[in-house]
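Notes for the one structure printed next.
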2 protein chains.
Amino acid sequence: MEEQQMLALAQEVLSTPRNPRQEVQALQDTIYVVGGKWRLPIINSLCNGNKRFRDIERSIPGITTRMLSRELKEMEANQLIKRTVTPDTPVLVEYTPTDYCHSFGSIILEMIRWGKAHSEHLKKAAD
Amino acid sequence: MEEQQMLALAQEVLSTPRNPRQEVQALQDTIYVVGGKWRLPIINSLCNGNKRFRDIERSIPGITTRMLSRELKEMEANQLIKRTVTPDTPVLVEYTPTDYCHSFGSIILEMIRWGKAHSEHLKKAAD
DNA sequence: GTTACCACTATCACAGAGTATACCAGCTAT
DNA sequence: ATAGCTGGTATACTCTGTGATAGTGGTAAC
(Lines give C-alpha, C1' and ligand atoms only; values in the text may rest on other atoms or scores of the structure.)
Protein backbone atom coordinates (compact mmCIF):
# COMPACT_ATOMS: atom_id res chain seq x y z
CA MET A 1 0.00 0.00 0.00
CA GLU A 2 1.19 3.49 -0.90
CA GLU A 3 1.66 6.32 1.55
CA GLN A 4 -0.98 8.36 -0.22
CA GLN A 5 -3.53 5.62 0.04
CA MET A 6 -2.76 5.08 3.69
CA LEU A 7 -3.20 8.73 4.45
CA ALA A 8 -6.50 8.72 2.61
CA LEU A 9 -7.60 5.69 4.60
CA ALA A 10 -6.59 7.23 7.90
CA GLN A 11 -8.45 10.39 7.03
CA GLU A 12 -11.56 8.52 6.01
CA VAL A 13 -11.42 6.40 9.14
CA LEU A 14 -11.16 9.46 11.31
CA SER A 15 -13.63 11.67 9.50
CA THR A 16 -16.95 12.58 11.03
CA PRO A 17 -20.17 10.96 9.83
CA ARG A 18 -22.21 12.47 7.04
CA ASN A 19 -25.40 10.51 6.56
CA PRO A 20 -26.60 9.19 9.94
CA ARG A 21 -29.50 7.18 8.48
CA GLN A 22 -27.36 5.25 6.07
CA GLU A 23 -24.56 4.84 8.57
CA VAL A 24 -26.68 3.44 11.37
CA GLN A 25 -28.06 0.95 8.87
CA ALA A 26 -24.56 -0.05 7.79
CA LEU A 27 -23.54 -0.40 11.42
CA GLN A 28 -26.52 -2.59 12.24
CA ASP A 29 -25.88 -4.75 9.17
CA THR A 30 -22.32 -5.33 10.30
CA ILE A 31 -23.37 -6.13 13.85
CA TYR A 32 -25.80 -8.66 12.42
CA VAL A 33 -23.15 -10.38 10.34
CA VAL A 34 -20.40 -10.56 12.95
CA GLY A 35 -22.86 -10.94 15.83
CA GLY A 36 -22.30 -13.44 18.57
CA LYS A 37 -19.41 -14.37 20.74
CA TRP A 38 -17.41 -16.50 18.33
CA ARG A 39 -17.49 -15.22 14.74
CA LEU A 40 -14.71 -12.68 15.00
CA PRO A 41 -12.40 -14.83 17.14
CA ILE A 42 -12.77 -17.64 14.60
CA ILE A 43 -12.05 -15.33 11.66
CA ASN A 44 -9.08 -13.96 13.56
CA SER A 45 -7.77 -17.44 14.21
CA LEU A 46 -8.10 -18.41 10.55
CA CYS A 47 -6.38 -15.22 9.44
CA ASN A 48 -3.56 -16.02 11.86
CA GLY A 49 -2.92 -19.17 9.89
CA ASN A 50 -4.80 -21.82 11.84
CA LYS A 51 -6.40 -24.28 9.48
CA ARG A 52 -7.29 -27.43 11.40
CA PHE A 53 -10.26 -27.94 13.68
CA ARG A 54 -8.32 -28.69 16.86
CA ASP A 55 -5.83 -25.91 16.20
CA ILE A 56 -8.62 -23.36 15.83
CA GLU A 57 -10.32 -24.75 18.92
CA ARG A 58 -7.16 -24.49 20.98
CA SER A 59 -6.50 -20.96 19.79
CA ILE A 60 -9.80 -19.63 21.12
CA PRO A 61 -10.14 -19.75 24.92
CA GLY A 62 -13.52 -20.96 26.09
CA ILE A 63 -14.98 -22.19 22.83
CA THR A 64 -16.55 -25.65 22.74
CA THR A 65 -16.37 -28.14 19.88
CA ARG A 66 -20.08 -27.73 19.41
CA MET A 67 -20.00 -23.97 18.93
CA LEU A 68 -16.94 -24.15 16.70
CA SER A 69 -18.55 -26.85 14.57
CA ARG A 70 -21.77 -24.86 14.25
CA GLU A 71 -20.06 -21.60 13.38
CA LEU A 72 -17.72 -23.19 10.85
CA LYS A 73 -20.68 -24.80 9.11
CA GLU A 74 -22.60 -21.56 8.94
CA MET A 75 -19.54 -19.61 7.84
CA GLU A 76 -18.94 -22.10 5.05
CA ALA A 77 -22.55 -21.70 3.93
CA ASN A 78 -22.04 -17.92 3.91
CA GLN A 79 -18.90 -18.14 1.76
CA LEU A 80 -16.71 -16.87 4.56
CA ILE A 81 -14.50 -19.94 4.62
CA LYS A 82 -13.64 -22.93 2.48
CA ARG A 83 -13.52 -26.49 3.84
CA THR A 84 -11.07 -28.81 2.15
CA VAL A 85 -10.84 -32.52 2.83
CA THR A 86 -7.71 -34.38 1.81
CA PRO A 87 -8.59 -38.08 1.94
CA ASP A 88 -5.10 -39.32 2.65
CA THR A 89 -4.62 -41.47 5.65
CA PRO A 90 -5.14 -40.00 8.12
CA VAL A 91 -7.81 -37.71 6.71
CA LEU A 92 -6.90 -34.04 6.75
CA VAL A 93 -9.55 -31.33 7.04
CA GLU A 94 -8.55 -27.73 6.46
CA TYR A 95 -10.47 -24.50 6.81
CA THR A 96 -9.24 -21.47 4.92
CA PRO A 97 -10.58 -17.93 4.91
CA THR A 98 -11.93 -16.48 1.67
CA ASP A 99 -11.20 -12.92 0.48
CA TYR A 100 -14.57 -11.93 1.84
CA CYS A 101 -13.47 -13.20 5.23
CA HIS A 102 -10.36 -11.05 5.11
CA SER A 103 -12.55 -7.97 4.73
CA PHE A 104 -13.19 -8.11 8.47
CA GLY A 105 -9.51 -7.53 9.15
CA SER A 106 -9.78 -3.84 9.95
CA ILE A 107 -12.67 -4.35 12.35
CA ILE A 108 -10.80 -7.08 14.17
CA LEU A 109 -7.63 -5.01 14.39
CA GLU A 110 -9.53 -2.05 15.80
CA MET A 111 -11.16 -4.28 18.36
CA ILE A 112 -7.82 -5.77 19.38
CA ARG A 113 -6.43 -2.25 19.68
CA TRP A 114 -9.34 -1.24 21.88
CA GLY A 115 -9.03 -4.33 24.05
CA LYS A 116 -5.31 -3.72 24.61
CA ALA A 117 -5.87 -0.05 25.43
CA HIS A 118 -8.66 -1.08 27.77
CA SER A 119 -6.43 -3.45 29.71
CA GLU A 120 -3.79 -0.72 29.98
CA HIS A 121 -6.54 1.53 31.26
CA LEU A 122 -7.48 -1.01 33.93
CA LYS A 123 -3.85 -1.45 34.97
CA LYS A 124 -3.45 2.30 35.48
CA ALA A 125 -6.74 2.49 37.37
CA ALA A 126 -5.44 -0.20 39.75
CA ASP A 127 -2.79 2.21 41.08
CA MET B 1 -3.86 15.13 14.41
CA GLU B 2 -0.51 15.37 12.60
CA GLU B 3 0.31 13.63 9.37
CA GLN B 4 3.03 11.63 11.07
CA GLN B 5 0.66 10.35 13.69
CA MET B 6 -1.93 9.43 11.11
CA LEU B 7 0.58 7.50 9.08
CA ALA B 8 1.68 5.67 12.20
CA LEU B 9 -1.91 4.84 13.00
CA ALA B 10 -2.63 3.59 9.51
CA GLN B 11 0.46 1.42 9.65
CA GLU B 12 -0.42 0.00 13.01
CA VAL B 13 -4.00 -0.65 11.92
CA LEU B 14 -2.78 -2.54 8.90
CA SER B 15 0.08 -4.43 10.49
CA THR B 16 -0.03 -8.17 11.02
CA PRO B 17 -0.58 -9.66 14.49
CA ARG B 18 2.35 -10.48 16.75
CA ASN B 19 1.10 -12.11 19.93
CA PRO B 20 -1.94 -14.28 19.13
CA ARG B 21 -2.61 -15.21 22.78
CA GLN B 22 -2.78 -11.63 23.96
CA GLU B 23 -4.64 -10.48 20.89
CA VAL B 24 -7.39 -13.06 21.07
CA GLN B 25 -7.88 -12.07 24.71
CA ALA B 26 -8.09 -8.39 23.77
CA LEU B 27 -10.56 -9.23 21.02
CA GLN B 28 -12.76 -11.25 23.36
CA ASP B 29 -12.66 -8.48 25.97
CA THR B 30 -13.85 -5.98 23.40
CA ILE B 31 -16.60 -8.27 22.18
CA TYR B 32 -17.73 -8.61 25.76
CA VAL B 33 -17.89 -4.87 26.33
CA VAL B 34 -19.64 -3.89 23.10
CA GLY B 35 -21.62 -7.11 22.92
CA GLY B 36 -25.26 -7.13 22.04
CA LYS B 37 -27.29 -5.52 19.39
CA TRP B 38 -27.60 -2.02 20.76
CA ARG B 39 -24.42 -0.76 22.47
CA LEU B 40 -22.61 0.44 19.40
CA PRO B 41 -25.64 1.99 17.71
CA ILE B 42 -26.37 3.92 20.91
CA ILE B 43 -22.79 5.12 21.22
CA ASN B 44 -22.89 6.10 17.58
CA SER B 45 -26.08 8.04 18.07
CA LEU B 46 -24.68 9.89 21.08
CA CYS B 47 -21.49 10.71 19.19
CA ASN B 48 -23.64 12.07 16.38
CA GLY B 49 -25.01 14.63 18.78
CA ASN B 50 -28.25 13.08 19.97
CA LYS B 51 -28.81 13.80 23.63
CA ARG B 52 -32.45 13.19 24.47
CA PHE B 53 -34.15 9.87 25.02
CA ARG B 54 -36.67 10.16 22.20
CA ASP B 55 -34.08 11.51 19.81
CA ILE B 56 -31.79 8.60 20.46
CA GLU B 57 -34.70 6.20 20.17
CA ARG B 58 -35.78 7.64 16.85
CA SER B 59 -32.25 7.54 15.49
CA ILE B 60 -31.92 3.78 15.96
CA PRO B 61 -34.28 1.70 13.81
CA GLY B 62 -35.88 -1.17 15.68
CA ILE B 63 -34.88 -0.33 19.22
CA THR B 64 -37.57 -0.37 21.90
CA THR B 65 -37.88 2.02 24.83
CA ARG B 66 -37.19 -0.87 27.13
CA MET B 67 -33.88 -1.83 25.56
CA LEU B 68 -32.76 1.77 25.24
CA SER B 69 -33.61 2.44 28.88
CA ARG B 70 -31.75 -0.66 30.05
CA GLU B 71 -28.68 0.00 27.97
CA LEU B 72 -28.48 3.66 28.97
CA LYS B 73 -28.65 2.69 32.63
CA GLU B 74 -25.91 0.11 32.30
CA MET B 75 -23.76 2.44 30.22
CA GLU B 76 -24.12 5.13 32.86
CA ALA B 77 -23.04 2.63 35.52
CA ASN B 78 -20.01 1.77 33.38
CA GLN B 79 -18.98 5.41 32.97
CA LEU B 80 -19.69 5.36 29.27
CA ILE B 81 -22.23 8.17 29.42
CA LYS B 82 -23.34 10.94 31.71
CA ARG B 83 -26.98 11.59 32.53
CA THR B 84 -27.92 15.15 33.28
CA VAL B 85 -31.31 16.24 34.54
CA THR B 86 -32.30 19.87 34.25
CA PRO B 87 -35.33 20.28 36.52
CA ASP B 88 -36.88 23.12 34.60
CA THR B 89 -40.41 22.72 33.51
CA PRO B 90 -40.69 20.61 31.50
CA VAL B 91 -37.91 18.43 32.83
CA LEU B 92 -35.00 17.99 30.47
CA VAL B 93 -32.90 14.82 30.51
CA GLU B 94 -29.71 14.71 28.52
CA TYR B 95 -27.26 11.91 27.85
CA THR B 96 -23.74 12.78 26.84
CA PRO B 97 -20.85 10.48 25.91
CA THR B 98 -17.72 10.46 28.07
CA ASP B 99 -14.18 10.40 26.63
CA TYR B 100 -14.14 6.68 27.31
CA CYS B 101 -17.20 6.35 25.12
CA HIS B 102 -15.46 8.15 22.29
CA SER B 103 -12.74 5.50 22.33
CA PHE B 104 -15.09 3.22 20.40
CA GLY B 105 -15.10 5.62 17.49
CA SER B 106 -12.62 3.72 15.35
CA ILE B 107 -14.42 0.43 15.81
CA ILE B 108 -17.73 2.00 14.85
CA LEU B 109 -16.25 3.70 11.80
CA GLU B 110 -14.70 0.45 10.61
CA MET B 111 -17.99 -1.32 11.05
CA ILE B 112 -19.83 1.39 9.13
CA ARG B 113 -17.22 1.12 6.38
CA TRP B 114 -17.70 -2.63 6.25
CA GLY B 115 -21.48 -2.34 6.19
CA LYS B 116 -21.37 0.12 3.30
CA ALA B 117 -18.95 -2.02 1.32
CA HIS B 118 -21.14 -5.02 2.03
CA SER B 119 -24.23 -3.34 0.62
CA GLU B 120 -22.24 -2.32 -2.48
CA HIS B 121 -21.19 -5.96 -2.74
CA LEU B 122 -24.81 -7.10 -2.62
CA LYS B 123 -25.86 -4.54 -5.25
CA LYS B 124 -23.18 -5.79 -7.63
CA ALA B 125 -24.10 -9.40 -6.96
CA ALA B 126 -27.70 -8.58 -7.94
CA ASP B 127 -26.61 -7.94 -11.54
C1' DG C 1 -61.26 17.62 27.91
C1' DT C 2 -58.86 15.05 25.14
C1' DT C 3 -55.12 14.33 22.48
C1' DA C 4 -50.25 14.10 22.33
C1' DC C 5 -45.48 14.48 23.70
C1' DC C 6 -41.65 13.31 27.15
C1' DA C 7 -39.17 10.00 29.87
C1' DC C 8 -39.49 6.31 31.20
C1' DT C 9 -41.03 1.46 34.15
C1' DA C 10 -43.41 -3.06 34.63
C1' DT C 11 -44.76 -7.50 33.30
C1' DC C 12 -44.77 -11.36 30.53
C1' DA C 13 -42.87 -14.41 27.33
C1' DC C 14 -39.72 -16.74 24.17
C1' DA C 15 -36.12 -18.24 20.72
C1' DG C 16 -31.95 -19.32 20.29
C1' DA C 17 -27.28 -18.48 21.75
C1' DG C 18 -24.39 -20.69 24.55
C1' DT C 19 -22.79 -24.49 28.08
C1' DA C 20 -21.81 -29.26 29.77
C1' DT C 21 -21.01 -33.73 29.01
C1' DA C 22 -20.65 -37.68 26.69
C1' DC C 23 -19.77 -40.19 22.77
C1' DC C 24 -18.17 -41.95 17.99
C1' DA C 25 -15.00 -43.86 14.22
C1' DG C 26 -10.55 -43.99 12.53
C1' DC C 27 -5.65 -43.70 13.09
C1' DT C 28 -1.12 -43.98 15.60
C1' DA C 29 2.53 -44.26 18.85
C1' DT C 30 4.21 -47.01 22.84
C1' DA D 1 -4.00 -53.29 24.11
C1' DT D 2 -4.51 -49.03 25.55
C1' DA D 3 -3.91 -44.42 25.67
C1' DG D 4 -4.19 -40.44 22.89
C1' DC D 5 -4.80 -37.81 18.73
C1' DT D 6 -8.28 -36.02 14.90
C1' DG D 7 -12.72 -34.29 13.44
C1' DG D 8 -16.41 -34.06 14.75
C1' DT D 9 -22.13 -35.41 16.68
C1' DA D 10 -25.80 -36.06 20.12
C1' DT D 11 -28.40 -34.86 23.97
C1' DA D 12 -29.85 -32.10 27.41
C1' DC D 13 -30.03 -28.04 29.73
C1' DT D 14 -29.56 -22.91 31.11
C1' DC D 15 -30.19 -18.40 30.71
C1' DT D 16 -30.38 -13.98 29.14
C1' DG D 17 -30.94 -10.88 25.62
C1' DT D 18 -34.61 -9.36 23.22
C1' DG D 19 -39.44 -8.47 21.96
C1' DA D 20 -44.48 -7.19 22.76
C1' DT D 21 -47.56 -4.76 25.23
C1' DA D 22 -49.20 -1.78 28.49
C1' DG D 23 -49.05 1.84 31.82
C1' DT D 24 -47.36 6.05 34.69
C1' DG D 25 -46.95 11.02 35.92
C1' DG D 26 -46.22 15.26 34.30
C1' DT D 27 -46.53 19.09 30.66
C1' DA D 28 -48.54 21.39 26.94
C1' DA D 29 -51.09 22.35 22.92
C1' DC D 30 -55.88 22.60 20.47
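Below, chains carry the letters A, B, ... as their sequence lines are ordered, and counting in each starts from 1. What you see below is based on every heavy atom in this structure, not just the backbone, and it leaves out hydrogens, waters and symmetry mates.
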Original post:
Which whole-number value in Å describes the distance from Arg52(B) CZ to dC8(C) C1'?
Top reply: 13 Å
**OP:** For Thr65(B), report the nucleic acid contact type (base, sugar-phosphate, nothing); a contact means any heavy atom under 4.0 Å.
**Re:** base
Subject >> Point-to-point distance, once rounded to the nearest 0.5 Å, from CG of Leu40(A) to CD1 of Ile31(B) >> reply: 5.0 Å
**OP:** Whole angstrom is fine here: how far is it from CH2 in Trp38(A) over to P in dT19(C)?
**Re:** 5 Å
Subject >> Listed nucleotide nearest any side-chain atom of Ser69(A), set dT18(D), dT9(C), dT9(D) >> reply: dT9(D)
Original post:
Parallel, tilted or perpendicular: which fits the ring planes of Tyr100(B) and His121(A), with parallel below 30° and perpendicular above 60°?
Top reply: parallel
**OP:** Using a strict 4.0 Å threshold on nitrogen-to-oxygen distance, state whether Lys73(A) and Glu76(A) make a salt bridge.
**Re:** no
**OP:** Nearest-nucleotide wise, let me know which of Pro90(A) and Ile63(A) is further upstream toward the 5' end of DNA chain C.
**Re:** Ile63(A)
Original post:
With a 4.5 Å limit on heavy-atom distance, are the side chains of Val93(B) and Thr84(B) in contact?
Top reply: no
Subject >> dG18(C) phosphate, OP1 or OP2, under 4.0 Å from Tyr32(B) side-chain N/O >> reply: no
**OP:** Please determine if a side-chain N or O atom of Tyr95(A) lies less than 4.0 Å away from the OP1 or OP2 oxygen of dG8(D).
**Re:** yes
Original post:
Whole-Å distance between dG18(C) C1' and Gln28(B) CD?
Top reply: 14 Å
Original post:
Can a side chain N or O of Lys37(A) be found less than 4.0 Å away from OP1 or OP2 on dT19(C)?
Top reply: yes
**OP:** Examine the base of dT18(D) for any acceptor or donor lying under 3.5 Å from a partner atom in the side chain of Arg70(B), and report the outcome as yes or no.
**Re:** no
Original post:
What about Arg66(B): does its side chain form a donor-acceptor pair under 3.5 Å with the base of dT18(D)?
Top reply: yes
**OP:** May I ask you to say what Arg39(A) touches in the nucleic acid, namely base, sugar-phosphate or nothing, with a heavy-atom cut-off under 4.0 Å?
**Re:** nothing
**OP:** Round to a whole Å and report the spacing from CG of Asp55(B) to P of dA7(C).
**Re:** 7 Å
Original post:
Ignoring hydrogens and geometry, is there a side-chain-to-backbone donor-acceptor pair from Arg39(B) to Val33(B) under 3.5 Å?
Top reply: yes
Original post:
Are any of Arg58(B)'s side-chain N or O atoms less than 4.0 Å away from OP1 or OP2 of dA7(C)?
Top reply: no
Subject >> Between dG16(C) (P) and Glu71(A) (CD): distance, integer Å >> reply: 14 Å
